[in-house]
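Each remark here refers to the structure printed beneath this line.
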There are 2 protein chains.
Amino acid sequence: MGDDRLVIDLRSPEPSYQQLARQLRDRIHGGIYAPGGPLPSITYLTGETGLAVNTVRRAIALLADEGYVITVPGRGTYVADKLPE
Amino acid sequence: MGDDRLVIDLRSPEPSYQQLARQLRDRIHGGIYAPGGPLPSITYLTGETGLAVNTVRRAIALLADEGYVITVPGRGTYVADKLPE
DNA sequence: CATCATTTGTTCGTATGTATC
DNA sequence: CGATACATACGAACAAATGAT
């Protein structure tokens, strides 16, 4: 359980970037991506979801804004040590 | 005074969208764009700044996120009645 | 009620820059 | 130096909401 693949429904009224952000958020909450650990790279997520780079970045940016992840240029994106309430 | 044109310095280390957001923020603080009043449309700002639509939108989105403006689909962007502290 | 112009919203593909290893 | 990864920006297309005609 919890190992569902990332799937984006293009026919959903919910924007793709929000769908992706929500699913990544769920994985963080589910411990699939643990605090301090890395998130898959944007390139990887682009391939897995079929979304464009900018759309994936927008999802990541949303999570970063919420405090769920921290992006480090040249390194990657990491789950925050302290998750937002 | 205060009627300076919007100018983006492409050689600045400060990203274009941040420059634009800052200048619009200054105009709001300066009362050039009054609370409840409209901001120039994205199309207009695109023309005045020479920036791409997405870049202008990013600036607007930043201000909306900060609470300075409110965007209404199909209508336009308006200065918030209560500006953030 | 239908149509159109205007405006914001989403997404894509690409290019280039910067940082890290 | 080269590979990888994030950051900014562009240009284009299409959708959805709104208001006027």
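Computed from a prediction, not measured in an experiment: that's the story for all the values here. Convention: sequence-line order gives letters A, B, ...; per-chain numbering from 1.
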Nearest heavy-atom pair of A:Ser12 and A:Gln19: which atoms, and what distance?
CB-NE2, 3.4 Å
Which pair of non-hydrogen atoms, one from A:Pro35 and one from A:Val79, has the smallest distance, and what is that distance?
CA-CG1, 3.6 Å
To the nearest angstrom, how far is A:Leu62 atom CG from C:dG9 atom C1'?
15 Å
Would you say B:Arg75 reaches D:dG19's phosphate, i.e. side-chain N/O to OP1/OP2 under 4.0 Å?
yes
Roughly how many Å is it from CD1 in A:Ile8 to P in C:dT10, rounded to a whole number?
14 Å
Side chain of A:Asn54, base of D:dA9: donor and acceptor closer than 3.5 Å?
yes
Can you check whether A:Thr71 has a side-chain N or O nearer than 4.0 Å to OP1 or OP2 of D:dC6?
no
Between C:dT11, D:dA9, D:dA5, spot the one nearest the side chain of B:Pro15, thanks.
D:dA9
Rounded to the nearest 0.5 Å, what separation is found between the OH atom of A:Tyr68 and the CG atom of A:Leu62?
10.0 Å
Select base, sugar-phosphate, or nothing to describe what B:Arg58 touches, counting heavy atoms under 4.0 Å on all strands.
sugar-phosphate
Find the distance B:Leu10:CG to C:dT16:P and express it as a whole number of Å.
16 Å
If you look at every strand shown and take non-hydrogen atoms under 4.0 Å, does B:Val53 touch a base, only sugar-phosphate, or nothing?
nothing
Side chain of B:Gln18 only, heavy atoms from C-beta on: which candidate in D:dC6, D:dT8, D:dA9 is closest?
D:dT8
If you define the side chain from C-beta out and look only at heavy atoms, does anything of B:Val72 sit under 4.5 Å from B:Thr77?
no
Pick one: which of A:Val53, A:Leu6, A:Leu51 meets side chain to side chain contact (heavy atoms under 4.5 Å, CB included) with A:Leu45?
A:Leu6
In whole Å, I'd like the distance from the OH atom of B:Tyr17 to the P atom of D:dC10.
13 Å
Contact class for B:Ile60 (heavy atom, under 4.0 Å): base, sugar-phosphate, or nothing?
nothing
Please state whether the phosphate of D:dC6, meaning OP1 or OP2, lies under 4.0 angstrom from any side-chain nitrogen or oxygen of A:Thr77.
yes
Interatomic distance, B:Leu45 CG vs C:dG9 C1' [rounded to whole Å]:
16 Å
Between C1' on C:dT14 and CZ on A:Arg57, what's the gap in Å once rounded to a whole number?
15 Å
Output the single nucleotide from D:dG19, D:dA9, C:dG13 whose closest atom is nearest the side chain of A:Ala52.
C:dG13
Using whole Å, what does the distance between atom C1' of nucleotide C:dG9 and atom CD of A:Glu14 come to?
15 Å
Gap between atoms CD1 and P, on A:Ile42 and C:dT11 respectively (whole Å)
15 Å
For B:Thr55 and D:dA9, is the shortest distance between a side-chain N/O and OP1 or OP2 below 4.0 Å?
no
